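Below: the structure, in structure tokens.
Here the structure is a predicted model, which is why all the values come from computation and not from measurement. Both ligands and their constituent atoms are indexed starting at 1 by order of listing.
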Amino acid sequence: MKADPTPLPRILVLASGSGTNLQALIEASRERDFPGQIVAVGCNQPGAFALERAAQANIESFVVNHKDFGSREEFDASLMAEILRHNPDLIVLAGFMRILTTDFVRAFRGRMLNIHPSLLPKYTGLNTHRRALEAGDRVHGVSIHFVTEELDGGPVIAQAEVSVSQDETPESLAEKVQAEEHILYPIVVRWFCEGRIQLGSEGVLFDGQPLKQPMRLSAS
Ligand code: GRF
């Protein structure tokens with residue numbers, strides 16, 4: 001009798017909005033050799049299109065609406081309880097627009113990734129495309145990092161660059177950056193599931209070695 005194959009790492013995606021990154025991950029996870037399985041999608045916005053995408057892909061989903069809670073701590077406790085029901089190995093923040101409490105972040109240290117639309121450490125927080133344009137940057141991009149207590153400040157694993165053209169607008173730049181996001185996130189999630197990236201005490205370890213600078217997809 002054949003032994004059961006080792007179960008694939010369990011991925012839980014948290015989103016708040018349209019969920020195009022979720023969609024890219026869903027499509028990647030359908031590849032035959034993808035080393036992980038998306039077991040659930042969690043959302044803080046009841047009407048988010050990400051929920052629809054999960055339903056279409058037959059992935060379980062849940063909503064924890066932040067408006068139903070009096071404090072961030074209560075919201076996070078409820079979110080945590082939902083997440084734990086799915087026993088994930090990895091939490092992927094994909095446009096999840098809530099700041100998580102320190103306790104929450106610590107509970108998932110080394111097991112939670114975020115995507116941020118800038119070349120970190122530049123432009124943490126919001127309106128990154130507008131800020132890059134205002135600064136006259138010729139190169140902009142996206143970063144994927146481990147989540148730590150510092151907002152958008154955890155060790156960066158990988159980045160993809162886009163070149164900024166003369167007539168660029170925040171909208172056109174967002175579009176270019178998103179196209180790179182949809183390529184980069186599945187690659188990094190794959191690395192995590194293969195055990196290639198870890199959060200060490202000093203930063204990211206890639207294949208067991210300290211990562212001196214983020215992995216880069218070069219400008220398109
Ligand atoms: C992405 O641009 C991501 O960088 C940011 O939020 C956006 C989410 O977009 N954190 P979507 O919901 O995946 O389409």
Side-chain angles (χ1 to χ4, degrees), residues 11-30 36 38 40-57 59 61-66 79 90-100 104-105 108 112-133 137 139-148 150-164 168-190 192 214-217 219-220:
I11 303 164
L12 188 146
V13 181
L14 292 180
S16 299
S18 121
T20 60
N21 279 284
L22 166 65
Q23 191 64 44
L25 290 166
I26 289 172
E27 275 152 35
S29 72
R30 287 187 177 134
I38 303 176
V41 171
C43 224
N44 65 306
Q45 294 281 8
F49 192 64
L51 292 166
E52 183 61 36
R53 295 183 193 272
Q56 279 170 15
I59 297 171
S61 65
F62 60 86
V63 176
V64 182
N65 187 345
H66 58 282
L79 182 63
L90 172 65
I91 297 176
V92 174
L93 304 184
F96 186 65
M97 301 302 284
R98 303 300 299 170
I99 295 172
L100 298 161
F104 187 99
V105 169
F108 295 110
M112 183 152 56
L113 304 178
N114 183 41
I115 189 159
H116 183 76
S118 77
L119 295 174
L120 290 170
K122 277 186 156 181
Y123 315 127
T124 60
L126 299 174
N127 300 318
T128 56
H129 309 308
R130 187 173 51 71
R131 288 156 67 201
L133 285 180
D137 292 357
V139 177
H140 182 51
V142 54
S143 305
I144 295 171
H145 63 94
F146 278 109
V147 177
T148 59
E150 202 188 327
L151 182 68
D152 301 327
V156 178
I157 302 159
Q159 295 181 317
E161 295 178 349
V162 300
S163 45
V164 181
E168 208 77 76
T169 63
E171 293 71 30
S172 64
L173 195 50
E175 215 172 290
K176 278 187 186 172
V177 169
Q178 276 230 321
E180 296 299 321
E181 294 183 4
H182 301 157
I183 298 168
L184 194 62
Y185 224 172
I187 292 175
V188 174
V189 169
R190 179 183 275 274
F192 184 94
M215 305 294 280
R216 280 273 173 142
L217 286 193
S220 50

CA sep, side-chain torsions, deciding dist, call: V147, F104, side-chain contact (heavy atoms from CB on, under 4.5 Å): CA-CA 10 Å; V147 177; F104 187 99; over 6 Å; no
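Within the 4.0 Å heavy-atom shell around ligand 1 one finds G19.
Two residues are said to be in side-chain contact when any heavy atoms from C-beta on lie closer than 4.5 Å; Y185 and L113 meet this criterion. Taking 4.5 Å as the limit, some side-chain heavy atom of Y123 sits within range of a side-chain heavy atom of D137.
Across the listed options R53, Q23, H116, Q178, Q178 owns the non-hydrogen atom lying nearest to atom 7 (C) of ligand 1.
Rounded to the nearest 0.5 Å, atoms CG (D152) and CG (L126) are 8.5 Å apart.
Annotation: atom 14 (O) of ligand 1 to nearest protein heavy atom, T20 OG1, 2.5 Å. The protein heavy atom nearest to atom 6 (O) of ligand 1 is G95 CA, 3.4 Å.
Taking the six-membered ring for Trp and the full ring otherwise, the centers of H129 and H140 sit less than 6.0 Å from each other.
Interface of S18 with ligand 1, defined as ligand atoms under 4.0 Å from a residue heavy atom, comprises 12 (O), 14 (O). Atom numbering of ligand 1 starts at 1 in the shown order; those under 4.0 Å from a heavy atom of I115 are 3 (C), 4 (O), 10 (N).
The distance criterion of under 3.5 Å between nitrogen or oxygen atoms is not met by L22 with respect to ligand 1.
Using a 3.5 Å distance cut-off with no hydrogens or angles, the side chains of H182 and T20 do pair a donor with an acceptor.
Only side-chain heavy atoms of E181 come within less than 4.0 Å of ligand 1; its backbone N, CA, C and O stay farther off.
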